[in-house]
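Worksheet: one structure, shown below.
A note on names: the letters A, B, ... follow the listed sequences, proteins ahead of strands, and every chain is numbered from 1.
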Amino acid sequence: MSQKIRVRFAPSPTGYLHVGGARSAYYNYLFARNQGGAFILRIEDTDVERSTEESLKMVMSDLQWLGLQWDEGPTADAKTELGSYGPYKQSQRIDIYLDVAKEILNAGNAYYCFMTDEEIEAQRQRLISEGKNPHIQSPYEDWSLEKAQAELKTGKTAVVRFKTKHLKKDYIVNDLVRGEVRFPSDMVGDFVLLRSDGMPVYNFCCAVDDHLMKISHVLRAEEHLPNTLRQLMIYETMKWQAPYFGHISLVLDEDRQKMSKRRGATSCFQFKEEGYLPEALLNFITLLGWSHPDQKEIFNREDTVKLFSVDRLHPSGAVFDRVKLKWMNSQYLRAMSNEVLWNHTEPFLKNAGLELPYNDKSWAHSSISVFKSYMETLVDGVTFYTALDDSKFEIKAESAEVLAWEPTKSVLRKWTELLKTHSGEKFTESEFLKMQDTVKNETGAKGKNLFQPIRVAVIGQPQGTELKILVPLMEKASLVKRAEKVLASLK
RNA sequence: GUCCCCAUCGUCUAGAGGCCUAGGAUGACUCCCUUUCACGGAGUAGACACCGGUUCGAAUCCGGUUGGGGACGCCA
């Protein structure tokens, strides 16, 4: 097949970009880039109730944050479009769908259905109680077009349904991920093409657009598997060639259900706010259903593009392990230079309202190098930097035990005294170590009896970053103030 | 309920009939490094859902059972 590879990501703009959606988008992107094909962004906004312009912008900015640039579709400002198969927003393609619907209607493969919601629901309940498929059985399916149109003129409203009852056969898809999948035609009932207000629905638009936009491969989530049958029926009736389909597994929560908000972040935007890096999120998400040929865990986008292939896609559902994501993120954080890490962290610190010497770049870079191996997310940086902000200094509850130790008071007294008599405004590492030794020699405290009280006097808690690295980042005045506060708390 | 999909350590996965005494990663645990905590290093425990079949040989192929998920919308 010498057809050009064209794939699409087709979100409906009804909220943030879900990580499951991000994974679908990324697999499509990877496939396109690997094959030298086109990656298309199509907006499925035929649900006017729920689709909003804000959501569209959110989805596009999330895609951009992930760095998934599309070749065709709306531009990021949503003002114009890229590509020659547009419009790419389904709400602007209504006439196209209406024409196709007319064609299907005229061929007698669809009909106007006047059933009310109540009638449908009653029928559905009856069929279920009889243990049958609750597929609609419309009394209007055999009405002639003329008869239906006359009825419409009286002011009644109707949906247009696709006829499925005569299609008695199995539809077979050679799924790129699952192999041969066989759908019996009665797996679905007469589904809606056009709503009663004339708006076309998803399954219909999707098939029409995939055909018209010359989509060669459809990689989407498994939940669309039953839709594939409906779309296949549309392709068949229109005598169109269907694209290749590949249905990837679902992203699950810890409880093996479709990922939901109550378990924590589910959208890319939330992960961004929680301090995850796009490259780490992408790397992690890639591994939910795809594996590196050499079993590597950490690999960049360039390598993924090079190595991506649909036959390494795994068909079973994958649990989104937030703990492993954190690990992955920490790996990326540690691989960053101090300067780059600082630039990523700084906005989070400012956002948290921390008062720090932001303009002192050498301070910034040496401080971030200290915290680097402690951070799993950028937001963790806030916790560590809070220790350097005097206005946020507090004696943590876990310090109580240390403060109750017998030698603590004399250690703190000596420490405070040495701080005050220090000549400069700052301390070097060796100056600090010398002071520490002096405290040890003059009080006789050693081991944790020595170190933990001092740590409490510096950061308010008995455990944390190495003091010899931390203290040189601080001002004498600040250290004195902290030490006195801790000393005062001893009464 | 009906149909469809899925099934390897807790989790993500490798595995396409003998390279499997089932490999890696994460998490857990132990030890080392370290005056704390992390980082880093070394190691330990931990899985082929079950039952039949095919075959000289099955995690791998086939059938069934069980379990999980998805879909049954004028949502996508």
List, one per line, each side-chain donor-acceptor pair under 3.5 Å for residues 153-160 of chain A, sequence neighbours excluded.
| unit_1 | atom_1 | unit_2 | atom_2 | d |
| --- | --- | --- | --- | --- |
| A/T154 | OG1 | A/E151 | O | 2.5 |
| A/K156 | NZ | A/E151 | OE2 | 3.1 |

Considering heavy-atom distances to RNA chain B, does A/R455 or A/E180 have its closest nucleotide positioned more toward the 5' end?
A/E180
Base, sugar-phosphate alone, or nothing: which one does A/E254 contact when heavy atoms must sit under 4.0 Å apart?
nothing
Same-atom distance (P) from B/G63 to B/G70, integer angstrom
25 Å
Spell out yes or no: do the side chain of A/K296 and the base of B/A25 have one donor N/O and one acceptor N/O closer than 3.5 Å?
no
Distance between C1' atoms of B/C12 and B/A47 (Å, rounded)
13 Å
When the P atoms of B/G15 and B/G23 are considered, how many whole Å apart are they?
15 Å
Pairs involving residues 451-462 of chain A, ordered by first then second residue, that meet side chain to side chain donor-acceptor pair (under 3.5 Å) (sequence neighbours left out)
A/K396-A/Q461
Taking the P atom in each of B/U65 and B/C56, what is the distance between them to the nearest angstrom?
28 Å
Heavy atoms only, 4.0 Å cut-off, all strands: where does A/G464 land among base, sugar-phosphate and nothing?
base
List in numerical order all residues of residues 314-321 of chain A for which some heavy atom is under 4.0 Å away from an atom belonging to RNA chain B.
A/H314, A/P315, A/S316, A/G317, A/A318, A/V319, A/D321
So, using side-chain hydrogen bond (donor to acceptor under 3.5 Å, both in side chains) as the criterion, who are the partners of A/H224 when residues are at least two apart?
A/Y202, A/N227
Residues passing the ring pair (Phe, Tyr, Trp, His ring centres under 6.0 Å) test with A/F371, sequence neighbours excluded, are A/F384, A/Y385
I'd like to compare against my own output: the B/S/- annotation of nucleotides 64-76 of chain B with a strict under-4.0 Å heavy-atom distance to protein.
-----BSSSSBBB
For residues 178-198 of chain A, which residue pairs pass the salt bridge (charged side-chain N to carboxylate O under 4.0 Å, His left out) check, not counting sequence neighbours?
A/K165-A/D190, A/D170-A/R182, A/R178-A/E222, A/E180-A/R182
Which whole number of Å gives the distance between the P atom of B/U30 and that of B/A71?
43 Å
Would you sort out whether A/E119 and A/Q123 count as a side-chain hydrogen bond (donor to acceptor under 3.5 Å, both in side chains), showing the intermediate values?
CA-CA 6 Å; A/E119 286 170 341; A/Q123 184 183 72; over 6 Å; no
If you count heavy atoms of other groups shown closer than 6.0 angstrom to NZ of A/K102, is the number above 12?
no
Taking the P atom in each of B/C19 and B/G52, what is the distance between them to the nearest angstrom?
23 Å
Across all chains, not counting sequence neighbours, the side-chain hydrogen bond (donor to acceptor under 3.5 Å, both in side chains) partners of A/Q463 are none
Pairwise P distance for B/C39 and B/C29, with rounding to whole Å
12 Å
Contact list for residues 333-342 of chain A, test salt bridge (charged side-chain N to carboxylate O under 4.0 Å, His left out), sequence neighbours left out
none
Tell me what A/R312 touches on the nucleic acid: a base, only sugar-phosphate, or nothing, going by heavy atoms under 4.0 Å.
sugar-phosphate
Which pairs pass ring-ring contact (aromatic ring centres under 6.0 Å, His included) with one or both residues in residues 163-185 of chain A, sequence neighbours excluded?
none
What do the steps show when you test A/V59 against A/Y16 for side chain to side chain contact (heavy atoms under 4.5 Å, CB included), and what is the final call?
CA-CA 6 Å; A/V59 168; A/Y16 51 74; over 6 Å; no
P gap between B/G43 and B/U26, integer Å
13 Å
Heavy atoms under 4.0 Å, any strand shown: does A/E49 hit a base, just sugar-phosphate, or nothing?
nothing
What residue pairs, at least two apart or across chains, pass salt bridge (charged side-chain N to carboxylate O under 4.0 Å, His left out) with a residue in residues 435-447 of chain A?
A/K414-A/E442
Is there any protein nitrogen or oxygen under 3.5 Å from a nitrogen or oxygen in nucleotides 39-41 of chain B, and what are the pairs?
| unit_1 | atom_1 | unit_2 | atom_2 | d |
| --- | --- | --- | --- | --- |
| B/C39 | O3' | A/R334 | NH1 | 3.1 |
| B/G40 | OP1 | A/R334 | NH1 | 3.2 |

